[in-house]
Structure formats: C-alpha cells, structure tokens
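Residue numbers begin at 1 in each chain, while the letters A, B, ... track the order of the sequences.
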2 protein chains.
Amino acid sequence: MATTKGVSEPIASWDPYERGCPSRDLLDQIGSKWAVLVLGELGKHGACRFTQLRQRLTGVSEKMLTQTLRTLERDGLVRRTVYPEVPVRVEYELTPLGQTLREPLRALTEWSVRHVTEVLAAREEYDARSENAG
Amino acid sequence: MATTKGVSEPIASWDPYERGCPSRDLLDQIGSKWAVLVLGELGKHGACRFTQLRQRLTGVSEKMLTQTLRTLERDGLVRRTVYPEVPVRVEYELTPLGQTLREPLRALTEWSVRHVTEVLAAREEYDARSENAG
DNA sequence: CGGTATCCACAGGGATACTG
DNA sequence: CAGTATCCCTGTGGATACCG
C-alpha cells in the first residue's frame, strides 16, 4: 500500500484545473466522502477513538474508516496517538494543519444542510419535466 | 436512466453524519471530483459552452462532463440554455442557488492550493518513517 | 457542435473473518 | 480495541462509434 511516492515526478502545473496537478488531487482527497465527515467529526469533538468515529459516521465500514484515517495521517491533517494500555487505545485528532481545514469544510457542510430542500425541490421539478418531455 | 426519484422515501435524519441523510448525499455530490471543478469554472468565467469546459478541465472525458453537468442541472445549481442556431450552441451558467456555492467552494480550492506543499512534505516524511519502521 | 449509446477495465468500497 | 486480510460486486470512468 506504499502508493506511488511520486517524489521526483515532474509537476505539470499548480493550477488545480490542470490534470496531474497536486492541488487538484489534494482537493479530490479532502473532498472525498469519508474524509469530509472524519475531518468534520474531529473538528467538532476533538480527539476521538476509532470506535467512536465508526459509530458516529453511520454506515462507514472499518476498511474505509481505516483507509481514510491513514490517508489523512499521511497528509499531515490528522495525528494518530497510540496509548500502550491493555487493551490498546488509539486516538485521532486534527493537527494544526488539519485545523486550518475546519472552517472551509464547515462552510461546505453547512451549505449542504441549508440548501438541501431547495436541491430536492429542483430534482423533483426536473424529473417531472423530463416525464412530460420524455 | 430515471435514477431513483425517492420522492416518498422515508428520511431517516437531517444530520449529515447520518447515513441516508439527503444532505450527506448532497455533500458527496457537490464535493465530487468534477462537480467542484465545473462549478469553479462557471463561477470564474460565467456562462461557458460545453467545449470550453472540456478544454479547461484538462483530462475530463465527454461522458463525465455530460454526466456532471446533468446532475448539477437536475440539482438546480446550473442552468443549461440551448440556442437553436446551426450548429447548435449550448451554454451553462450558475443559477442563483449555484452562486451561493461559489464562496464555500472557492475557499476549499484556495486551501488546497495554499497548503499543498505542506501536505506533500508531510507525505514524504510519513513515507520515510514507514521505511525505517519497516 | 454537443451530445447519446455501448462496451469494457479497473478501482472503490462493502461484508466477513481473522489477529496483535 | 483496533485494526489487517480476503473476497467480490458495483460504479466510475475511458474509448469508441454514432446522432440531431
């Protein structure tokens, strides 16, 4: 799972609208389904354990939660701390870098909550028109 | 192709952290790879034609661009206007609802551009440590 | 020009079982 | 508790060809 390191890969551009641009890939990462939710949870509750996250993010599989946390840790957004107790305890929390993502992500989440009814209405109208035209 | 309309589906919750919540799905939609970029382009340049978008979003296939635009149109975020000329001209632009997404999305995009170097550095460090640790 | 239709490969992601 | 390993299926998304 070492993923491609790409340390010496030529960087075509820093414009996120260009393919192969690191910031476009990054944008894709942090905007991904579970990353948004994990980051949001850690932003709201502070340090969380694995099981807490799994319970709060209804429907996430262990595999995806682990995978998401590993990626976030690798990207320096989340810090993973192991407490060598028995049984072992592991806590996840936002790094300072991760903290800087709180506000943008919170804004996006709030948008989706505030405007979901409008979107739902738009869908119904679109579907209704498709039937008539269709 | 009518996708599930889900008009009468029971809504479990409006908390985006709950599975099956419409706002969580919506968050997933607007955060998706191409939707972010399409919305961003339309936010920057105003009305755009299909071919313009395809050229600016380097690497997007016609299929995905069409699919993304259809979803955004159905969600009421993008308006599609057909000018019955020969050859036909089609323009896409943000609706008022879509406009309200500009700022949150711009903030997120800016974040990824501003912090990409830190993330890249974090990855190298993480990978280096993984090698040492075996 | 601006799509739609079809085929196909592959990765994302779920379910389950097992381990330090 | 906090994962890892495995299997397997679906959806994503590319390539190609054709239509209004």
*Asks:* Could you state the CZ-C1' distance from A:R80 to D:dT4, rounded to the nearest angstrom?
*Replies:* 12 Å
*Asks:* Just to confirm, is there a sub-4.0 Å distance from OP1 or OP2 of D:dG3 to any side-chain nitrogen or oxygen of A:T66?
*Replies:* no
*Asks:* If a pair satisfies side-chain hydrogen bond (donor to acceptor under 3.5 Å, both in side chains) and one of its residues is in residues 60-72 of chain B, list it, with sequence neighbours excluded.
*Replies:* B:R54-B:E62
*Asks:* Measure from CD on A:E85 to P on D:dG3 and round the result to the nearest Å.
*Replies:*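 That distance rounds to 14 Å.
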*Asks:* Residues in ring pair (Phe, Tyr, Trp, His ring centres under 6.0 Å) with A:W34, at least two apart?
*Replies:* none
*Asks:* Give A:R54 one of three labels, base, sugar-phosphate or nothing, depending on what nucleic acid heavy atoms sit under 4.0 Å from its own.
*Replies:* nothing
*Asks:* Flag the pair A:Y126 / B:E73 as yes when at least one side-chain heavy-atom distance between them is below 4.5 Å, and no otherwise.
*Replies:*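 In contact.
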*Asks:* Taking CD from B:Q52 and C1' from C:dG2, how many angstroms apart are they, rounded to a whole number?
*Replies:* 13 Å
*Asks:* Tell me every residue that passes side chain to side chain contact (heavy atoms under 4.5 Å, CB included) with A:R89, counting only those two or more places apart in sequence or in another chain.
*Replies:* A:R49, A:Y83, A:E85, A:E91
*Asks:* Just the rounded figure in Å: distance from P of D:dC1 to CG of A:L65.
*Replies:* 14 Å
*Asks:* Between A:Y92 and D:dG3, does any side-chain N or O lie under 4.0 Å from OP1 or OP2?
*Replies:*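 Checking A:Y92 against D:dG3: at least one side-chain N or O falls below 4.0 Å of OP1 or OP2.
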*Asks:* Can you list every ring pair (Phe, Tyr, Trp, His ring centres under 6.0 Å) pair that touches residues 98-125 of chain A, not counting sequence neighbours?
*Replies:* A:W111-A:H115
*Asks:* For a 4.5 angstrom cut-off between non-hydrogen side-chain atoms, does A:V82 reach A:R80?
*Replies:*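 Yes - at least one pair of side-chain heavy atoms lies under 4.5 Å apart.
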*Asks:* Does A:R89 place a side-chain N or O at less than 4.0 Å from the phosphate oxygens OP1/OP2 of D:dG3?
*Replies:*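 A:R89 to D:dG3 OP1/OP2: no side-chain N or O under 4.0 Å.
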*Asks:* Rounded to 10°, tell me the angle between the two end axes of the helix from C:dC1-D:dG20 to C:dG20-D:dC1, each built from five pairs.
*Replies:* 50°
*Asks:* Generate the contact string for nucleotides 12-20 of chain C. Rules: B means base contact, S means sugar-phosphate contact only, - means no protein heavy atom under 4.0 Å.
*Replies:* -BBB-B---
*Asks:* Looking at D:dA2, I'd like to know if its phosphate oxygens (OP1 or OP2) sit under 4.0 Å from a side-chain N or O belonging to A:R49.
*Replies:*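 Looking at the OP1 and OP2 atoms of D:dA2, one of them is under 4.0 Å from a side-chain N or O of A:R49.
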*Asks:* Taking only residues two or more places apart in sequence, or in another chain, which ones meet A:V113 in a side chain to side chain contact (heavy atoms under 4.5 Å, CB included)?
*Replies:*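 By the side chain to side chain contact (heavy atoms under 4.5 Å, CB included) rule, A:V113 matches B:P16, B:S23.
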*Asks:* Without decimals, in angstroms, what is the distance between A:R70 CZ and D:dT4 C1'?
*Replies:*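 After rounding, the gap between these two atoms is 10 Å.
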*Asks:* Tell me the interatomic distance from B:D28, atom CG, to D:dG11, atom C1', rounded to whole angstroms.
*Replies:*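 After rounding, the reported distance stands at 13 Å.
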*Asks:* How would you list, by chain and number, every residue that makes a salt bridge (charged side-chain N to carboxylate O under 4.0 Å, His left out) with A:R102, sequence neighbours excluded?
*Replies:* none
*Asks:* Can you run down the side-chain hydrogen bond (donor to acceptor under 3.5 Å, both in side chains) pairs that involve residues 24-33 of chain A, sequence neighbours left out, and say none if there aren't any?
*Replies:* none
*Asks:* Between C:dG2 atom C1' and B:L69 atom CG, what is the distance in whole Å?
*Replies:* 11 Å
*Asks:* Please check the phosphate of D:dA2 (OP1 and OP2 only) for any side-chain N or O of A:Y83 closer than 4.0 Å.
*Replies:* no
